[in-house]
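Notes to accompany the following structure.
Note that ligands are numbered from 1 as they come in the structure, with each ligand's atoms numbered from 1 the same way. Note that the numbering runs from 1 along the sequence shown for the chain.
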Amino acid sequence: MTKILMDTDPGIDDAAALALAINNPEVDLELVTTVAGNVTVDKTTINALKIINFFGKGNEIPVAAGAEQPLIKPFEDAARIHGASGMRGYDFVGDLPKPLPETAVQAMHRVIMASDEPMTLVATGSYTNVALLFSEYPEVKSKLTRIIAMGGTLGRGNMTSAAEFNVFTDPDAAKIMYQSGVPIVMVGLDVTMKALVTPETLAEIETMNRSGKMLHDLITSDGDQSEAGVSIHDANTIFYLLHPEFMTTKKLWIDIQTEGPANGETVADIRGAYHDGKTNAEVCVDIDAEAFNEWFKAEVQNMK
Ligand code: BDR
Ligand code: CA
């Protein structure tokens, strides 16, 4: 059983990542924290609660709301991709549980320090909460085994030609996280754009069970799927957590560009030229896309 915290901005692919983490018996999801990203933090918090409630875990998995905006850069959402609510495509019914009265940073600090074993932090939004946590409570760093973070790219970005959305949203936070000394697994576009959920997989999960129907409806809600399939970026973090054998990784030093036209770029020191051969990240560079699809279907099959 791996104890994790998830810091997230649901977001359709965040919802898929949450569903996978909530339902896998090997994962002990102790806390969900939310951040502004795909939509504003009031909406990402409601969306996290909706997913947790959908799986009947409202009394077990607490949610704490976090940063309303990036550290320095003005906030820009991605509602054009995820819909105005952030989780377009499915009507969640029922009263929602309340978020914790603590902030995300306070709750993360409390849960990490109270844990009897080091925890894994899975980050699928911008890293604003993580940066604030490390700045305010640096003692948590030694109690984290690693951060598995969706974000960044060694190739082209999806916001600018240089920058991926999560890093682009708050580059200053990404810089703090990458310089924190906590081991980071970078799950970037290099793998998430390869592990496309195929139309066949989507057709299968649609009729599998209520969870499959919900995930299908969210994932296909923009009605604009290519024949090759759809990326559910954030779900790749949980795939890595449980099946690192299906990813190829490279140890690299990642620097974050925090200004100019390449703001938010994850710059890899591929020649080991600038950091004395030291590395700060294990970067996912390849993935078995078929194994990802098979795993995703099997996980959905086991959901309620
Ligand atoms: C990332 O950006 C967000 O829109 C997604 O939820 C994902 O975390 C992909 O670039
Ligand atoms: Ca996300």
Less than 6.0 angstrom from the centroid, inside 45 degrees of the normal: does Lys73 satisfy that with respect to the ring of Phe168? yes
Looking only at heavy atoms, is any part of Asn158 under 4.0 Å from ligand 1, and if so is it the side chain, the backbone, or both, or is it neither? side chain
Glu102 with Arg110: basic N within carboxylate O range, under 4.0 Å: yes
Quiz question: by atom type and distance under 3.5 Å, do the side chains of Ser221 and Arg88 form a donor-acceptor pair? yes
So what does the Asp14 OD1 - the Ca ion (ligand 2) - Asp234 OD2 angle come to, to 10°? 70°
Please confirm whether Asp234 approaches ligand 1 to less than 4.0 Å, judged on its heavy atoms. yes
Does a side chain donor of either Asp14 or His82 reach within less than 3.5 Å of an acceptor in the other side chain? no
Closest to the Ca ion (ligand 2), which N/O/S atom of Asp9 is it? OD1
Just to be sure I'm reading this right: ignoring hydrogens, which of Glu164, Met159, His233 gets closest to atom 1 (C) of ligand 1? Compare them by their nearest heavy atoms. Glu164
Do other residues, nucleotides or ligands put more than 12 heavy atoms under 6.0 Å from Glu245 CD? yes
Protein contact of atom 2 (O) of ligand 1 - nearest heavy atom, named by residue and atom, plus distance: Phe165 CD2, 3.2 Å
With heavy atoms and a 4.0 Å threshold, my read on which part of Thr192 contacts ligand 1 is neither
A side-chain contact here means heavy atoms from C-beta on lying under 4.5 Å apart; do Val32 and Ile52 qualify? yes
Distance under 4.0 Å to a non-hydrogen atom of Met150: what atoms of ligand 1 satisfy this? 1 (C), 7 (C), 8 (O), 9 (C)
Can you tell me if, anywhere in Met150, an N/O/S atom lies at a distance from the Ca ion (ligand 2) that is smaller than 3.0 Å? no
Does the pair Lys175/Asp255 count as a salt bridge with the N-to-O cut at 4.0 Å? no
Yes or no: does His82 have any heavy atom under 4.0 Å from an atom of ligand 1? yes
Measure the distance from atom 7 (C) of ligand 1 to every protein heavy atom, then report the residue, atom name and distance (to 0.1 Å) of the closest one. Asp13 OD2, 3.1 Å
To the nearest 0.1 Å, how far is atom 3 (C) of ligand 1 from its closest protein heavy atom, and which atom is that? Asn38 OD1, 3.2 Å
For Thr124, atoms of ligand 1 separated by under 4.0 Å from a heavy atom: 8 (O)
If you measure from the Lys or Arg side-chain nitrogens to the Asp or Glu carboxylate oxygens, is any gap between Asp217 and Lys213 under 4.0 Å? yes
Between Trp295 and Phe239, what is the ring plane arrangement, given parallel below 30°, perpendicular above 60°, and tilted in between? tilted
